[in-house]
Peer 1: 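I have a structure here, written as structure tokens, and I will follow up with some questions on it.
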Amino acid sequence: MTRLITSGFSHFILFIGIFIMIVPVWMIFASSTHSGLTINTQGLQMFLGDSFYENYLRVLLYKGGFFKEITALKMFLNSFIMATGVAILSVITSLMAAYALVYFRTKYATLLFWMIFVTILVPLELRIFPTYSVMAELNLVNSYFGLIVPISASAIATLFFRQFYKTVPDELLESAKLDGANTWRFFIDFLLPLSKTMIVAMLIFMFVFGYNQYLWPLLVTSSEQYWTVVMGLKMMSGSIVHRFAFVMMSMVPPILIIIVLQKHFIKGVFQDK
Amino acid sequence: MSFLDLKNVTKIYPNGTKAVHETSLSINEGEFMVFVGPSGCGKSTLLRMVAGLEDITEGDINLDGQLMNEVDPSERDVAMVFQNYALYPHMNVYNNLAYGLKNRGIDKETIEQKVNDAAKLLQISDFLQRKPSMLSGGQRQRVAMGRAIVRNPKIFLFDEPLSNLDAKLRIQMRLEIKKLQQKVGVTSIFVTHDQVEAMTLADRLAVINDGIIEQLGTPIEIYNNPKSLFVAGFIGSPQMNFLDANLNNKTLSAENFEIKNIDSDYNGEVTLGIRPEHLIESENGLINLNVELVEQLGSDNLVYGQIKNIKDFCYRSPGNQTIKKGDTLSLNIEENKYYIFDKSTGKRVN
Ligand SMILES: Nc1ncnc2c1ncn2[C@@H]1O[C@H](COP(=O)(O)OP(=O)(O)OP(=O)(O)O)[C@@H](O)[C@H]1O
Ligand SMILES: [Mg+2]
């Protein structure tokens with residue numbers, strides 16, 4: 001009986017939490033389906049209107065920006081390219097960095113690791129100007145490469161993979177060696193499959209990280225062709241309903257990626273049990 | 001030159017631990033060699049140097065006529081069974097067995113054939129699709145064996161592969177390993193600190209102490225003729241009894257008995273060793289044992305007691321005798337079944 005009460009109570013709290021988070025989102029969504037006139041005269045709406053297609057289509061295809069050469073569709077493409085690039089590149093680099101740190105016989109592996117680790121204390125915002133000048137000198141401003149590469153070295157992901165590799169028993173490596181596996185094969189045939197779930201988790205994490213970038217893309221792109229969704233949120237001009245529609249759409253990719261990859265994530269976790 | 005040749009092999013770990021001292025050893029093709037010794041004596045280190053998992057500090061290792069010192073483990077064509085099996089957790093049993101073959105670029109049909117043959121031999125055919133986590137300890141052990149067998153390597157190396165199994169399964173697997181090795185005839189080195197395992201498996205036995213091979217020989221040779229106090233104490237179960245004694249002019253005098261006409265010219269303090277199974281009850285025996293504890297094993301009894309000031313002296317009596325606590329037994333030593341060691345060096349002197 002008491003259990004029922006406590007579980008009822010905790011559910012109650014959870015519902016309040018969900019309510020607080022969902023309602024504003026819902027209000028923006030509901031409002032984005034009305035005409036601009038309705039919002040301006042009657043304020044935010046709680047119920048759906050009838051301008052959904054009209055508003056959303058206009059936002060997707062409308063050429064915005066100062067030079068009128070970027071559409072929301074293109075921004076989504078840019079963000080997708082950037083976030084995917086960051087996710088894949090940072091997972092690859094941190095997997096390999098962790099591999100070298102754990103398995104190569106360097107005396108200074110621990111020192112090297114800590115040097116990588118302290119970069120967490122130096123966020124992009126702090127090193128943004130030197131980073132920018134490097135990119136500028138390499139002529140990589142206004143390119144996907146310039147958007148992606150400078151933020152694709154993740155100390156956190158390296159830390160995660162390193163800690164995981166350290167739990168892999170030495171006998172596994174030795175056994176694989178005796179079975180004729182070289183360094184590279186051990187990485188491909190053992191560490192990659194064994195860290196599958198962690199890789200998926202890191203991909204999600206880094207995708208969202210890349211997608212959420214604002215300051216760096218703002219700095220490294222002067223051409224509107226490279227605007228991302230998060231930049232667009234700020235730059236978008238036009239009626240309030242169109243902005244609401246854009247905000248709603250900007251939430252879709254991260255949610256989608258979590259829903260899609262979550263499946264693999266959970267499968268990976270429970271498969272080997 | 002024999003099949004596997006160790007010449008003055010020494011191992012010093014980077015932290016300065018000298019784990020193996022100038023060890024030389026030859027193993028013949030098809031032979032089952034067992035390294036036995038107490039924990040930390042360097043058995044695993046020696047084995048791992050043969051496998052190539054540890055660098056050799058000094059000396060040479062030759063396998064099948066080829067110097068191995070600088071050869072990578074993946075090129076040595078040796079197979080090893082680890083104490084914790086080290087099965088590949090993300091691969092099913094089939095792939096665990098097949099992995100080594102795949103790495104050599106053997107074609108699919110041949111791999112399938114070989115894996116199925118090995119699986120049949122080890123009776124694991126029914127589990128080929130399972131992951132190692134879904135197997136019992138004994139089954140995992142078989143898979144680990146299978147992984148070694150399927151590659152048909154030059155040499156099998158076993159590092160205490162049975163120590164994670166319960167007593168009954170150990171005995172069963174011990175038997176199977178021996179049968180299997182006789183069937184496939186691959187040269188093997190088996191490391192253990194269990195002397196019963198060592199005795200039962202070995203064609204030849206190397207008793208290792210503190211990084212040195214103390215004695216090398218067939219199990220029976222070593223049991224009958226231990227060359228040092230250490231070997232005498234290590235081989236045989238229950239352990240040999242040791243008594244302090246003095247040897248003078250071929251007469252050995254222990255605390256309360258004497259043995260005359262001993263075949264040794266050594267004079268001085270010695271340790272007398274007598275195996276529990278080399279004592280017989282007789283009237284007016286040399287030794288009077290005050291019984292303190294009797295362990296009844298069914299087939300025989302282990303009788304522990306005191307002789308004057310010596311405690312925990314053990315005598316193995318036939319199982320049909322009833323001996324109780326408090327009895328006094330009069331015991332004789334079987335003809336010439338005693339061992340005399342120099343007390344200071346531990347070397348055998350008779
Ligand atoms: N990587 C290492 N670095 C330094 N010393 C080591 C290392 N591995 C083992 N040793 C030392 O070398 C000696 C021999 O170790 P080894 O593992 O060969 O013993 P063992 O006979 O296999 O013992 P056990 O029966 O407990 O497995 C020990 O004193 C051990 O502490
Ligand atoms: Mg060992």
Side-chain angles (χ1 to χ4, degrees), chain A residues 91 95 98-111 160-161 163-203 263-273, chain B residues 14 44 47-55 71-92 95-106 111 130-134 140 143-144 146-151 153-161 164:
Chain A
V91 165
L95 271 169
Y99 184 50
L101 286 173
V102 175
Y103 286 98
F104 291 1
R105 285 196 210 166
T106 37
K107 265 191 206 157
Y108 307 107
T110 315
L111 181 73
F160 272 100
F161 288 126
Q163 296 317 97
F164 172 70
Y165 291 168
K166 291 214 151 206
T167 66
V168 174
D170 286 344
E171 284 90 354
L172 211 56
L173 171 65
E174 292 173 345
S175 204
K177 267 192 201 163
L178 293 174
D179 258 347
N182 57 24
T183 319
W184 185 241
R185 282 248 74 90
F186 180 68
F187 182 65
I188 302 282
D189 292 343
F190 288 81
L191 293 180
L192 284 190
L194 286 173
S195 46
K196 200 167 54 189
T197 50
M198 195 169 275
I199 289 172
V200 174
M202 281 298 138
L203 279 175
K263 263 196 210 156
H264 295 275
F265 186 62
I266 291 171
K267 203 167 88 193
V269 171
F270 291 105
Q271 190 178 37
D272 294 347
K273 281 285 146 67
Chain B
S44 298
L47 192 75
R48 291 165 57 81
M49 283 194 285
V50 174
L53 300 173
E54 298 287 351
D55 295 330
V71 179
D72 197 73
S74 56
E75 311 278 309
R76 287 196 187 194
D77 198 10
V78 303
M80 186 153 167
V81 178
F82 293 82
Q83 180 171 352
N84 62 5
Y85 316 139
L87 299 180
Y88 309 142
H90 57 297
M91 299 183 192
N92 62 20
N95 285 323
N96 261 278
L97 298 197
Y99 186 68
L101 299 172
K102 280 181 193 159
N103 276 337
R104 311 180 141 202
I106 295 173
I111 292 181
R130 287 203 208 164
K131 293 263 175 78
S133 55
M134 292 153 74
R140 286 178 204 186
V143 175
R147 205 168 57 179
I149 286 176
V150 77
R151 273 174 40 208
K154 284 186 183 150
I155 189 161
F156 284 159
L157 307 173
F158 301 87
D159 194 351
E160 311 206 18
N164 283 353

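Just so we're clear, the structure is a prediction, and the values are computed from it rather than from any experiment. Below, chains carry the letters A, B, ... as their sequence lines are ordered, and counting in each starts from 1.
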Peer 1: What part of A/Asp189 lies closer than 4.5 angstrom to a heavy atom of chain B: side chain, backbone, both or neither?
Peer 2: both
Peer 1: Could you check which of A/Asn182, A/Leu178, A/Asp170 has the highest count of heavy-atom pairs closer than 4.5 Å to chain B?
Peer 2: A/Leu178
Peer 1: Does A/Tyr165 OH have over 12 foreign heavy atoms under 6.0 Å away?
Peer 2: yes
Peer 1: So what's closer than 4.5 Å to chain A heavy atoms on B/Leu157: side chain, backbone, both or neither?
Peer 2: neither
Peer 1: Without swapping roles, check the side chain of B/Asp159 against the backbone of B/Gln83 for a donor-acceptor pair under 3.5 Å.
Peer 2: no
Peer 1: Under 4.5 Å from any heavy atom of chain A, what part of B/Phe82 do you find: side chain, backbone, both or neither?
Peer 2: side chain
Peer 1: Any side-chain to backbone donor/acceptor pair from B/Arg104 onto A/Gly180? Under 3.5 Å, distance only.
Peer 2: no
Peer 1: Ion pair present between A/Arg185 and A/Asp179, side-chain N to carboxylate O less than 4.0 angstrom?
Peer 2: no
Peer 1: Specify which of B/Asp72, B/Asn84, B/Val78 makes the most heavy-atom pairs with chain A at under 4.5 Å.
Peer 2: B/Asn84
Peer 1: Determine whether the aromatic ring centres of residues A/Tyr103 and A/Phe187 are separated by less than 6.0 angstrom.
Peer 2: no
